[in-house]
Amino acid sequence: MSTFHLVNHPLITHKLTIMRQIETSSKDFRDLLDEISMLMGFEITRDLPLEDVEIETPICKTTAKRISGKKLAIVPILRAGLGMVDGLLRLVPVARIGHIGLYRDPETHEPVEYYCKMPPDIENRLVILVDPMLATGGSASDAITKLKERGCHNIVMMCLVAAPEGVARLQKDHPDVNIYSAALDEKLNEHCYIVPGLGDAGDRLFGTK
Ligand code: PRP
Ligand code: URA
């Protein structure tokens with residue numbers, strides 16, 4: 001069974017509260033998602049392995065630590081996942097970026113794929129899959145299946161708001177993928193939107209409603 005990490009640092013929780021509010025503008029929504037993504041990145045990268053390196057300071061030679069060869073890839077689920085990329089990139093500027101385009105069919109709520117482009121060596125990388133909303137879990141589950149088909153075996157999921165239904169679905173479909181979220185909300189409504197949630201993340205991010 002994978003683990004569910006609630007990343008509820010007060011700064012993150014405060015910023016998320018502003019994002020949830022209906023009157024928050026697209027610009028502020030975008031800026032806050034970017035800030036939260038960077039803050040969550042600290043938690044996600046906490047266990048990156050370190051290795052010794054011999055260096056020389058202005059005072060003496062010494063053995064210090066640096067992140068060992070582990071390579072990262074950030075994979076946003078389009079569209080809304082795009083809003084989480086830059087915050088992570090500021091922490092790990094050399095990470096490669098893959099893209100998976102999925103939208104939820106408004107009737108069936110099932111994900112429909114329309115785009116997929118990955119770095120060629122994605123299978124050798126720790127993949128951070130990002131999407132602000134984990135609702136039914138269908139989109140994230142399909143995206144992880146696609147990544148596994150390409151040989152990825154080291155994947156974590158980072159979202160902003162999760163529903164219990166989405167967490168259960170991911171843990172059932174992909175018990176090897178740990179989940180990081182800034183909030184675990186109450187439930188889904190009849191349209192499979194997260195309650196209380198923040199509405200349609202893509203529309204709020206890009207001002208398309
Ligand atoms: C939203 C969201 C997730 C998905 C979550 O995307 O960004 O990708 O829904 O729902 P699920 O867990 O039930 O699959 P949407 O389909 O609205 O596409 P968009 O980002 O292009 O607006
Ligand atoms: N997608 C969103 O953007 N919001 C939700 O609440 C559920 C799916």
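On a predicted model such as this, the values are computed, not experimentally measured, just so you know. Read the numbers this way: they start at 1 and go in the same order the structure lists the ligands and their atoms.
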Shortest protein heavy-atom distance from [atom], along with the residue and atom involved:
atom                    : result
atom 3 (C) of ligand 1  : D131 OD2, 3.0 Å
atom 16 (O) of ligand 1 : R104 N, 2.7 Å
atom 4 (N) of ligand 2  : G199 O, 2.8 Å
atom 17 (O) of ligand 1 : D200 OD2, 3.9 Å
atom 22 (O) of ligand 1 : R79 NH2, 2.9 Å
atom 5 (C) of ligand 2  : Y193 CD2, 3.3 Å

Under 6.0 Å from the [atom1] atom of [X], do we count more than 12 heavy atoms belonging to anything else shown?
X   : atom1 : answer
I22 : CD1   : no
R79 : CZ    : yes
E23 : CD    : yes

Taking C-beta and beyond as the side chain, do [X] and [Y] meet within less than 4.5 Å on heavy atoms?
X    : Y    : value
K146 : E113 : yes
I128 : V75  : no
L170 : I179 : yes
L89  : D86  : yes
S2   : H174 : no
L82  : F206 : yes

Do any N/O atoms on [X] end up under 3.5 angstrom from N/O atoms on ligand 1?
X    : answer
Y114 : no
H109 : no
A80  : yes
Y103 : no
P132 : no

Under 4.0 Å, heavy-atom basis, I'd like to know which part of C192 is in contact with ligand 2: side chain, backbone, both or neither.
backbone
Just by modelled atom types, is the K187 backbone N or O under 3.5 Å from a matching donor or acceptor in the D185 side chain?
no
Tell me whether K209 is salt-bridged to D200, with the criterion being a basic N under 4.0 Å from an acidic carboxylate O.
no
R90/D34 salt bridge by N-O under 4.0 Å criterion:
yes
Would you say atom 6 (O) of ligand 1 touches the protein, meaning some protein heavy atom is under 4.0 Å from it?
no
Nearest heavy atom to [atom] wins, so pick from [options].
atom                    : options                : value
atom 6 (O) of ligand 2  : I194, L160, L198, N189 : I194
atom 2 (C) of ligand 2  : H109, R104, M133, R204 : M133
atom 12 (O) of ligand 1 : G137, A162, G202, S139 : G137

What do we get for T136 next to ligand 1 when only non-hydrogen atoms under 4.0 Å count, side chain, backbone, both or neither?
both
Just let me know how A201 lines up against ligand 1, side chain, backbone, both or neither, with a heavy-atom cut-off below 4.0 Å.
neither
Can you list the ligand 2 atoms lying under 4.0 Å from a non-hydrogen atom of A201?
2 (C), 3 (O)
Ligand 2 atoms nearer than 4.0 angstrom to some heavy atom of A135 are 7 (C), 8 (C)
